[in-house]
Undergrad: 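Take this structure, written in structure tokens, and hold onto it; I'll ask about it next.
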Amino acid sequence: MSIPTKFVPKAVEDKWYRYWLENDYFKSTPDKRMPYTIVIPPPNVTGVLHMGHMLNNSLQDILIRRARMQGFNACWVPGTDHASIATEAKVVEKLKTDGISKNDLTREDFLKHAWEWTNEYGGVILEQLKKIGCSCDWDRTKFTLDSEMSKSVINVFIDLYNRGLIYKGYRMVNWDPQAQTTLSDEEVIYQEKSGNLYYLSYKIEGHDESLIIATTRPETILGDTAICINPKDDRYKHLHGKNAIVPIVERSIPIILDEYVDIEFGTGCLKVTPAHDPNDKSLGEKHKLDFIDVLNPDGTLNSFGLHYEGQDRFIVRKSIVKEMESLGCFVKKENHLSKVGLSERTNAIIEPRISEQWFLKMKSIAKPALEAVLETNEIQLIPKKFKKTYRHWMENITDWNISRQLWWGHRIPVYYYGKDNDDFVVAESIEKALELARVKSKNLNISISDLRQDDDVLDTWFSSWLWPISVFDGINKPNNEEINYYYPTQDLVTGPDILFFWVARMIMAGYTFRDKLPFSKVYLTGIVRDQKGQKMSKQLGNSPDALGLIEEYGADAVRVGLMLSSVAGNDLLFDENLCKQGKNFANKIWNAYRLIDGWKIDSKIDQPIASKDAIICFDNTFNKALETINDYFEKYKISDALMTIYKLLWDDFCSWLLEVMKPDYGSSIDKVSIDQIKHQFQKILKLLHPFMPFISEEIWHIIKQRNISDSLVISSWPVFEKYDKIVLKNYENVKLIVGAVRNFRKENNLRQRELLSLFYSNSKTIEFSEIISRLAQLDKVVFSDENNQVKGGVFRIGTNEFFIPLDRKIDSKNELNRINNELNHLEGFLNSILNKLSNSQFVKNAPNAVINLERKKASDTKEKIKNLKSRLKNIK
RNA sequence: GGGCGCUUAGCUCAGUUGGUUCAGAGCAUUUGGUUUACACCCAAAGGGUCGGGGGUUCGAAUCCCUCAGCGCCCACCA
């Protein structure tokens, strides 16, 4: 036999992927069918495939492949995200290794480098997705910086501005003094660091008395504009309404009252520096304090720093303490553990800094998005537990800071024409801006050279929140055929970590720009962790090489490995052993095919009854499994669906069906049987296809029969047919009997192939006895009520008693033990039932069905006990 | 600090509205097997007071309270 005993994935994966592409099986265009659409969560354009992507995209592929087989017009739109911050940082770093500093480049030059980088590395990840079998419509590939996509973003900005939802405001941002840029909150890593807490005294105006504040950042003293105390703090009641004097600058500042101050912490007196601390900023706004910024962008003090101007903030921290000492204002210092924000990129200590940013008002657009998930259930989150998190965020939503001080991204379409803060217009092009500026300023002399576009770009999410709409160009051409057909999409598969950043905002965008939901189901995967429960990351180096895994185990196996452990919303502890399990499974499938393929067919042989019965049993089993699998899919229990298929193939198909139908060595199989087996196998391959597309397609093509469509990928999902519960019950019984005979052999050290006979009593017929004979190596399975006369072994299944004559000493000790154990168990069980039934409360309160059930249990158990006891007597 | 969630077999997890023998699955482990598809195999076995305590109920893994441990999100103490 030339077929290898082990499945070799490499040999088939590329072949079939190419074949699918060549035949345009993944392509979708609007037609009469119902659409089933998924938009991919666009990975970073310069990213490389990691385990999270594998999980995510395998799931999407499973959903889309099944939908395709179900007859939907399946459309999976792929693409990549420009990922402003991450990409810009990478480019900056790369330039640095080439000896180029970003600060030395013009915006245009920098963007040229960035595009070069993007064109070189961009899309690598999409190629990697193909390796795991993703059936995206690649002709639709989008990039968030494509001109069409850009236009959508700009149009949306203009639209929102015109609706009065976008405004300019001041906000405290994370400033990286080393890179001289703002960072998003996500790029700030908080670390516990031990530092000092300095106690310093401030004079009270018009008094001899002082008050003592505690601070970790003495260098910001020069920016103090108030002292804050808790109004309930009895120690300081006498200070209400007074002023204090900031040492060194000798500035008089008010003593304000706010419950924000923790009486317990430090001295209960807080110095307020609104320009350098987010909390102080809100105090400053609330109490209308002055904002004094004492820092330059590079982290040195500015002119407000007086004689410290030009010195680094950390040097000033030390010297200012010394100066305070000499002034007699220093009281003491304590060790203090505090969290310090560090830049993820440069490791520099972040300075909170107030700057001008663009904001989007969220309250009004959040409303329909909140209702859709919590009230109408138009959009479902899977699992449901995320609804609460979603609500919490949406109800407390704050305005969205959409500007970033970066170059790589969609530049904010705001053009300034004058010196005033309000001298700007919002327009899609500079020409248009000129027109508007002339109108707004009533100055026709303004020319293009007078216009200056805002330097900032938009937050990356400000483009990705449009993704389900913009990939179909639904912003620019709101009535085009594609958007009307594909939108709203069906399922979105993504991680819970971007529920707010992305999912919630897409929902808001959907209702804001199309008045419709963007998708109806959101499947939130877990985060892939290693076995210690740590998040997989490059820094930790605990992330397995995704492509390496495919290389080692095969794409199908890796997909199975991931799916076996992935319950929606639960983090999964990734274990390479799961891939091994997937590989073993692939091999099992492969060998099932090898077995079938190796049989000689003889069309003159009649089909044995056992084979005919086995097919009946399997067919019913299949339909029951199909019902379960479909139900699991409905509930997005993908791993359960896979496990059901796994067991269907491994246990029911291989261990039972094939074992029954396998012709004896050297014999041939009849035509009917082989056709039926292939038919059943093909149905399983269909179920398998979404999970294991490559191996299923490979085997499909080898065993396919003439009247069957070309490719599995476009074949139809099996249609559920009603199954016969009685058949299944009898089949279960068969399995129990076979198992019992096998046990009997084992206990008595009988050889596998030694023929035995089986007699049974208490039941006139045993269904599918031919199957039992074949699998348990019996010459007959017959009814007899006289089996007790002969020597042999006995076992019981349900109420039926079985007897195997054996002309040889059998080990009755085992049997005695077993019967006694069972008797004990049954008697205890019976007792508990009888207790229950004699409990008047139970009889009074429990529903009739439950009571009847208990009665039936009691009588069944009594019967069993009676049988066992008579058995016991006979053995003795 | 605020909010949410979790705790079931050695591991990863199922367990619908409380009610059949409901305590489950896969993997792992142990034992036994195989000249006739697959040792990436076959057949079987062991293994859990459902985190602790209390309550509601005729009846609790399931509902309530409480304690302990773990995790996530948000806001962060000068």
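Labels below follow one simple rule: chain letters A, B, ... track the order of the sequence lines, proteins then strands, and each chain is numbered from 1. Fair warning: this is a prediction, and the values are worked out from it, not measured in the lab.
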Undergrad: Answer with base, sugar-phosphate or nothing: what part of the nucleic acid does A:W599 contact at a heavy-atom distance below 4.0 Å?
TA: nothing

Undergrad: Say you pick atom C1' in B:G19 and the same atom in B:G10; how far apart are they, in whole Å?
TA: 32 Å

Undergrad: Output the rounded distance in Å from CG (A:L564) to P (B:C27).
TA: 9 Å

Undergrad: Dot-bracket notation for RNA chain B is requested: 5' to 3', Watson-Crick or G-U wobble pairs only, both distances under 3.5 Å, with ( ), [ ], | and . as defined.
TA: (((((((..((((.....[....)))).(((((.......))))).....(((((..]....))))))))))))....

Undergrad: Using the test ring-ring contact (aromatic ring centres under 6.0 Å, His included), find all partners of A:Y632 that sit at least two apart in sequence or belong to another chain.
TA: none

Undergrad: What is the distance from CG of A:D651 to C1' of B:A25, rounded to the nearest Å?
TA: 11 Å

Undergrad: Round to a whole Å and report the spacing from CZ of A:R217 to P of B:C77.
TA: 10 Å

Undergrad: Counting heavy atoms from C-beta on, name the nucleotide in B:G19, B:G26, B:C38 closest to the side chain of A:K647.
TA: B:G26

Undergrad: For A:E854, report the nucleic acid contact type (base, sugar-phosphate, nothing); a contact means any heavy atom under 4.0 Å.
TA: nothing

Undergrad: From the options B:C42, B:G5, B:C40, select the nucleotide whose nearest atom is closest to the side chain of A:K588.
TA: B:C42

Undergrad: Whole Å only: how far is the CZ atom of A:F501 from the P atom of B:C72?
TA: 16 Å

Undergrad: Quick one: ring-ring contact (aromatic ring centres under 6.0 Å, His included) partners of A:Y553, sequence neighbours excluded?
TA: none

Undergrad: Once the angle between the rings of A:F501 and A:W461 is folded into 0 to 90°, is it parallel (under 30°), tilted (30 to 60°) or perpendicular (over 60°)?
TA: parallel

Undergrad: Take atom P in B:U56 and the same atom in B:G69, then report the distance between them in whole Å.
TA: 28 Å

Undergrad: Suppose you measure atom P in B:C63 against the same atom in B:U17; what distance do you get, rounded to whole Å?
TA: 9 Å

